[in-house]
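What follows is a short report on a single structure.
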2 protein chains.
Amino acid sequence: MTIAEANEFRTLCDTAGIAVTHQRQVVFEALRHMHGHPSPEEVYARVRIRIPSISLATVYKTIHLFIESGVFREVSLHHGSLRVETNARPHHHLVCTGCKSISDIDAEALEIGARARKLPGGFLAQRYAVDVLGLCAECQKSLS
Amino acid sequence: MTIAEANEFRTLCDTAGIAVTHQRQVVFEALRHMHGHPSPEEVYARVRIRIPSISLATVYKTIHLFIESGVFREVSLHHGSLRVETNARPHHHLVCTGCKSISDIDAEALEIGARARKLPGGFLAQRYAVDVLGLCAECQKSLS
DNA sequence: CTAGGTGCAAAGTATTTGCAACGCT
DNA sequence: AGCGTTGCAAATACTTTGCACCTAG
């Protein structure tokens with residue numbers, strides 16, 4: 001880890017009010033240098049090279065801590081389990097970052113427009129699914 | 001189930017080349033009449049009122065069958081497990097419906113524009129996350 | 001020193017699978 | 001009749017938790 005990264009990490013921890021531990025530094029650096037959307041197992045595999053004694057539980061705890069602190073995001077804020085769309089109309093989702101609730105909004109009401117000309121790697125676009133992330137009315141109240 | 005629904009379901013099964021069973025009809029009807037984004041457990045609870053002997057495994061199999069056949073969609077096509085965003089730049093996702101791979105596309109490159117005026121229920125929008133659903137180059141080849 | 005962090009093992013939840021019996025076509 | 005479908009129970013995958021020990025501040 002570079003000096004700059006170490007300092008940045010120290011500052012992040014100060015802001016979040018959490019301890020700077022060796023495990024957290026190594027997980028932080030691993031994530032910083034990984035590409036794509038790694039799973040906890042993949043992070044664990046990488047971190048174990050530098051800390052063979054680290055446990056998967058610590059990796060999970062650390063990742064959640066980073067997500068709560070806003071240091072990293074998770075790829076999908078949706079339910080972790082399988083959910084079925086019962087709404088047959090074209091629609092998008094309002095996802096509350098507070099209570100994790102998901103409600104539907106008609107595609108027309110969102111008035112979304114995407115004008116991608118070329119998508120990387122010859123990707124063929126068929127449909128757009130938009131999550132509007134924010135706070136539902138209830139969670140806005142709770143925070144005020 | 002109305003006669004119209006029963007006929008519609010029969011046609012769907014014919015098209016998909018699958019058998020019309022009592023369990024599938026009841027799961028189909030349950031989903032048709034449920035709101036929001038039910039989990040397999042919730043569907044199971046509802047279906048059990050009419051078929052007490054049905055198993056949760058059958059509900060899972062039936063839901064997957066419906067999703068593969070395009071009869072219903074799932075809410076999120078993302079990985080079922082926790083994934084971390086390592087890309088700090090504002091970006092959206094290209095999600096391949098064939099191989100389920102997810103790649104990033106810079107927010108600017110997608111040129112997305114949302115102009116929602118009023119969001120239902122006083123929802124406070126903070127950020128938009130767009131999934132472009134389609135086929136990656138590899139999966140386009142496989143299908144040709 | 002002590003509050004918070006870690007590692008371990010066990011528990012919890014979500015989902016899938018193997019297989020014998022059963023029912024659609 | 002034959003093959004796909006079902007129900008059950010066991011297996012697997014993923015994630016969380018309780019607790020004794022350890023460590024940063």
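Protein chains get the first letters and strands the later ones, always in sequence-line order, with residue 1 at the start of each.
- Closest heavy-atom contact between A:Val132 and B:Tyr128: CG2-CE2, 3.6 Å.
- Sorted by residue number, the members of residues 73-87 of chain B with any non-hydrogen atom under 4.0 Å from DNA chain D read B:Ser81, B:Leu82.
- When the options A:Gln25, A:Glu29, A:His22 are evaluated for a side chain to side chain donor-acceptor pair (under 3.5 Å) with A:Arg50, the one that passes is A:Glu29.
- By the 30° and 60° cut-offs, the orientation of the rings of A:Phe72 relative to A:Phe66 is tilted.
- Helix bend of the helix from C:dC1-D:dG25 to C:dT25-D:dA1: the angle between its two end axes, each built from five pairs, comes to 40° after rounding to 10°.
- In this structure, B:Ile18 belongs to a hydrophobic cluster whose other members, linked by side-chain heavy atoms under 4.5 Å apart, are B:Leu65.
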Strictly under 3.5 Å: I want the nitrogen or oxygen pairs between protein and nucleotides 22-25 of chain C, one per line.
from	atom 1	to	atom 2	distance (Å)
C:dT25	OP1	B:Val20	N	3.1

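- Under a 3.5 Å cut-off, the side chain of A:Ser76 and the backbone N or O of A:His78 do form a donor-acceptor pair.
- A:Arg32 has a carboxylate O that lies under 4.0 Å from a charged side-chain N of A:Glu8, or vice versa, which qualifies the two as a salt bridge.
- For B:Arg83, the side-chain contact (heavy atoms from CB on, under 4.5 Å) partners at least two apart in sequence or on another chain are A:His37, A:Ser39, A:Glu42, A:Val75, B:His79, B:Ser81.
- A distance of 4.5 Å separates CG of A:Leu135 from CD of B:Gln126, quoted to the nearest 0.5 Å.
- At a cut-off of 3.5 Å, with distance as the only test, a side-chain donor of B:His33 or B:Glu5 sits close to an acceptor on the other residue.
- A donor-acceptor contact under 3.5 angstrom links the side chains of B:His93 and B:Glu85, judged on distance only.
- Taking A:Gln23 as the reference, nothing meets the side-chain hydrogen bond (donor to acceptor under 3.5 Å, both in side chains) condition, with sequence neighbours excluded.
- If you walk DNA chain D from 5' to 3' and mark each nucleotide with an atom closer than 4.0 Å to a heavy atom of chain A, the marks span D:dC14 to D:dG25.
- A heavy-atom distance below 4.0 Å to DNA chain D is reached by these residues of residues 35-47 of chain A, ordered by number: A:Pro40.
- In this structure a side-chain-to-backbone donor-acceptor pair under 3.5 Å is present from B:Thr86 to A:Gly36.
- Listed by chain and number, the residues in a side-chain contact (heavy atoms from CB on, under 4.5 Å) with A:Ala137 amount to none (sequence neighbours excluded).
- No more than 12 heavy atoms of other residues, nucleotides or ligands lie within 6.0 Å of CD in B:Glu108, so this atom counts as exposed by the packing criterion.
- Legend: salt bridge (charged side-chain N to carboxylate O under 4.0 Å, His left out) pairs involving residues 127-144 of chain B, not counting sequence neighbours, sorted by first then second residue: B:Glu138-B:Lys141.
- Every residue meeting the side-chain contact (heavy atoms from CB on, under 4.5 Å) condition with B:Ala19, not counting sequence neighbours, appears here in chain and number order: B:Thr21, B:Arg24.
- With rounding to whole Å, A:His64 atom NE2 is found 19 Å from C:dG4 atom C1'.
- Shown here is A:Arg46, whose CZ atom has more than 12 heavy atoms of other residues, nucleotides or ligands within 6.0 Å.
- Looking at residues 53-61 of chain A, you'll see A:Ser53, A:Ile54, A:Ser55, A:Ala57, A:Thr58, A:Lys61 sit with a heavy atom under 4.0 Å from some atom of DNA chain C.
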